[in-house]
Amino acid sequence: MAVVSVGVRPRVVRDLPLLAVAVVWGSSFLVVKEVAEPGTVVAVLVLRFALVLPVLGAVAWRRLRGLTAGQWGGGALLGLVLGGIFLLETYGAVHTSATNAGLVISLTMVFTPLAEAALRRVAPSAGFLAAAALSVLGVALLTGDGGLRAPSGGDLLVLGAAVARTVNVLATARLRSVRGVDALALTWVQLAFATLVFVVASPFAGPSPLSVAGSFDAAGWGLLLYLSLLCTLFAFFVQLWAVRASSPSRVSLLLGTEPLWAAVFGIALAGDRPGPLALLGALAVLAGTEWGRRTTL
């Protein structure tokens, strides 16, 4: 009789947490639209991160004490960039559809390899360039709703967030001060300084976080906790685990399904109804980003 080791798990079981992260990230654009309004974006971001920081800080305390001044500085710089990403992404999400936001942000998967190739002065492969062109065409059809209209302000903000994500990825890889730094400690520093950005901006950007928190009913608090605990805390811990339990390529492929889930939630729950050409654009974005990701694995 064969003995099956308890430590050996089917690949599909190991993939489920990563797939769950992609699902909650895809749903986050719809949740943001429900919990935040244009005038409360910054306050909601303060509350979202304030709920996460104490938990992460308690876990990372010993590792944080070991960071040097240079490592704190590098993490702070990345945190400022991260703050900009969330501001652009969240403001964009409340000004466009959940489907558009999830699909436009997926262009990060195209922008990052292109930027990296430019920095290394290496020409991307013909296959990747074709995938990038397909993705850009798809976004043009999607945001123009199949016509010749210019993208909305929300679409452009999310596009800016995709560019900022690319900057963040490249900066994380190239900043010498953060190389080899414990991932948990570095993430806490980034989140802390991103939260500082929101706190500094909050007096100039609508009602205070406390007043917004007081205005939430049970449903509002449930959505905020969903963003904090699942879309932020849970997603972070799963990524840390996945780096050790799976291959980077597999992690990339599974998390890359985020835009698909954003479209599913937007169409099924938010009532997004893209026209025929816009729907074709959405499919082109999904196909182009998936093709581009596979050519860079």
Side-chain angles (χ1 to χ4, degrees), residues 17 20-60 79-80 82-102 105 154 157-158 161 164-165 184 187-240 255 258-259 261-262 264-266 268-272:
V21 170
V23 172
V24 298
W25 275 354
S27 69
S28 67
F29 299 100
L30 176 58
V31 175
V32 163
K33 290 180 69 66
E34 293 295 323
V35 77
E37 299 174 355
T40 64
V41 164
V42 175
V44 168
L45 285 171
V46 171
L47 295 171
R48 173 179 177 177
F49 282 83
L51 292 173
V52 171
L53 282 175
V55 179
L56 283 181
V59 176
L80 297 179
L82 185 64
I85 292 170
F86 274 96
L87 285 172
L88 288 168
E89 189 173 302
T90 309
Y91 271 116
V94 300
H95 284 97
T96 189
S97 69
T99 301
N100 278 26
I105 200 68
L157 287 170
V158 178
R165 278 194 184 190
L184 180 60
T187 300
W188 189 91
V189 174
Q190 290 182 73
L191 293 180
F193 277 88
T195 305
L196 181 61
V197 171
F198 310 143
V199 169
V200 170
S202 63
F204 311 98
S208 71
L210 288 178
S211 64
V212 171
S215 70
F216 283 155
D217 56 12
W221 275 106
L223 292 173
L224 181 64
L225 289 172
Y226 181 89
L227 287 174
S228 296
L229 300 182
L230 289 181
C231 299
T232 308
L233 191 62
F234 167 73
F236 163 71
F237 278 115
V238 167
Q239 287 181 90
L240 272 186
L255 293 183
E258 174 192 353
W261 296 110
V264 168
F265 284 110
L269 299 180
D272 296 344

> To the nearest 0.5 Å, what is the distance between CG (L30) and CG (L269)?
Replying inline: 6.0 Å
> T96: what forms a side-chain hydrogen bond (donor to acceptor under 3.5 Å, both in side chains) with it, not counting sequence neighbours?
Replying inline: D155
>> When you measure from the side chain of D272 to the backbone of T99, do you find a donor-acceptor pair of N or O atoms at a distance under 3.5 Å?
In response: yes
>> Show, in sequence, the C-alpha distance, side-chain angles and deciding distance for V52 and F236, and conclude whether the side chain to side chain contact (heavy atoms under 4.5 Å, CB included) test is met.
In response: CA-CA 11 Å; V52 171; F236 163 71; over 6 Å; no
>> A50: which residues meet the side chain to side chain contact (heavy atoms under 4.5 Å, CB included) condition with it, sequence neighbours left out?
In response: none
> Just how far is it from atom OG1 of T90 to atom CD1 of I85, taken to the nearest 0.5 Å?
Replying inline: 11.0 Å
>> Using a 3.5 Å distance criterion without hydrogens, assess whether the side chain of S208 forms a donor-acceptor pair with backbone atoms of P203.
In response: no
>> Do F234 and V21 have side chains that approach each other closer than 4.5 Å (heavy atoms only, starting at C-beta)?
In response: yes
I'd like a table of donor-acceptor pairs (distance under 3.5 Å, sequence neighbours excluded) in which one partner is a side-chain atom from residues 34-44, with atom names and distances.
residue	atom	partner	partner atom	Å
T40	OG1	E37	N	2.9
T40	OG1	E37	O	3.3

> Of all heavy-atom pairs between G102 and F29, which one has the smallest distance, and what is that distance?
Replying inline: CA-CE1, 3.6 Å
>> I need the L56 CG to L51 CG distance, nearest 0.5 Å.
In response: 11.5 Å
> What distance do R48 atom CZ and T232 atom OG1 have between them, rounded to the nearest 0.5 Å?
Replying inline: 3.5 Å
Less than 3.5 Å apart, which donor and acceptor atoms pair up between the side chains of residues 189-200 and the rest of the protein, not counting sequence neighbours?
residue	atom	partner	partner atom	Å
T195	OG1	L191	O	2.7

> Does anything in residues 82-98 pair up under salt bridge (Lys or Arg N to Asp or Glu O under 4.0 Å), and if so which pairs, sequence neighbours excluded?
Replying inline: E89-R165
>> Go through it in stages, so that I can follow the logic: the residues are V23 and F265, the test is side chain to side chain contact (heavy atoms under 4.5 Å, CB included), and I'd like the CA-CA distance, side-chain angles, deciding distance and then a yes or no.
In response: CA-CA 9 Å; V23 172; F265 284 110; 3.9 Å; yes
> Is any side-chain heavy atom of L184 closer than 4.5 Å to a side-chain heavy atom of W188?
Replying inline: no
> Which heavy atom in V32 sits nearest to a heavy atom in A93, and how many Å separate them?
Replying inline: CG1-CB, 4.0 Å
> Could you give all pairs that pass the side-chain hydrogen bond (donor to acceptor under 3.5 Å, both in side chains) test and reach residues 215-229, with sequence neighbours left out?
Replying inline: S27-Y226
> Measuring from I105:CD1 to W25:CH2, what's the distance to the nearest 0.5 Å?
Replying inline: 11.0 Å
